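Worksheet: the structure to be examined is printed underneath.
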Amino acid sequence: MYALVYSPCVSCGIAFGYNPNRVPSIRIEGVRQAVCKNCIEAENIRRKSLNDPEMPLLTYHQDAYSPIPESELETA
């Protein structure tokens, strides 16, 4: 079995699916909030237009928005 987590993007509010172990996120009050691929790419375009370097958060693993084997889910 595979798993894909869905939640709204912390930036745009649109729900999207992602790998919870790889998705870029922002901590708000200590809780990780996922950021969608569209928002990451839009911010990179904005930063490039200002000649600002990409921030490490603004890059993502190739599997960040793909399903993962259920066995790889981390449990709290």
Side-chain angles (χ1 to χ4, degrees):
M1 294 187 94
Y2 285 84
L4 190 64
V5 174
Y6 283 88
S7 69
C9 172
V10 70
S11 181
C12 69
I14 296 174
F16 69 104
Y18 57 88
N19 172 336
N21 298 339
R22 304 265 191 204
V23 70
S25 62
I26 299 169
R27 287 198 181 270
I28 299 176
E29 296 181 10
V31 178
R32 286 181 63 211
Q33 302 291 324
V35 181
C36 74
K37 186 176 183 177
N38 288 340
C39 287
I40 294 292
E41 291 176 351
E43 179 60 13
N44 280 333
I45 290 168
R46 186 191 74 77
R47 291 182 68 80
K48 285 179 186 177
S49 74
L50 299 172
N51 292 320
D52 288 342
E54 292 183 2
M55 295 171 48
L57 170 66
L58 300 179
T59 58
Y60 53 89
H61 192 276
Q62 66 183 10
D63 295 334
Y65 301 99
S66 301
I68 62 170
E70 186 178 34
S71 61
E72 291 181 18
L73 285 175
E74 297 175 2
T75 57

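No experiment lies behind these values; they were computed from the predicted model shown.
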Could you list the donor-acceptor pairs under 3.5 angstrom formed by side chains in residues 61-69, with sequence neighbours left out?
from: H61; atom 1: ND1; to: D63; atom 2: N; distance (Å): 3.0
from: Y65; atom 1: OH; to: V35; atom 2: O; distance (Å): 2.8
from: Y65; atom 1: OH; to: K37; atom 2: N; distance (Å): 3.3

Using a 3.5 Å cut-off and no angle test, enumerate the donor-acceptor pairs between side-chain atoms of residues 2-19 and protein atoms at least two apart in sequence or in another chain.
from: S7; atom 1: OG; to: Y18; atom 2: OH; distance (Å): 2.9
from: N19; atom 1: OD1; to: N21; atom 2: N; distance (Å): 2.7
from: N19; atom 1: OD1; to: R22; atom 2: N; distance (Å): 3.3

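To the nearest 0.5 Å, atoms CD1 (I45) and CG (L50) are separated by 12.0 Å.
In this structure, V23 and R32 approach most closely via the heavy-atom pair O-NH2, 3.3 Å.
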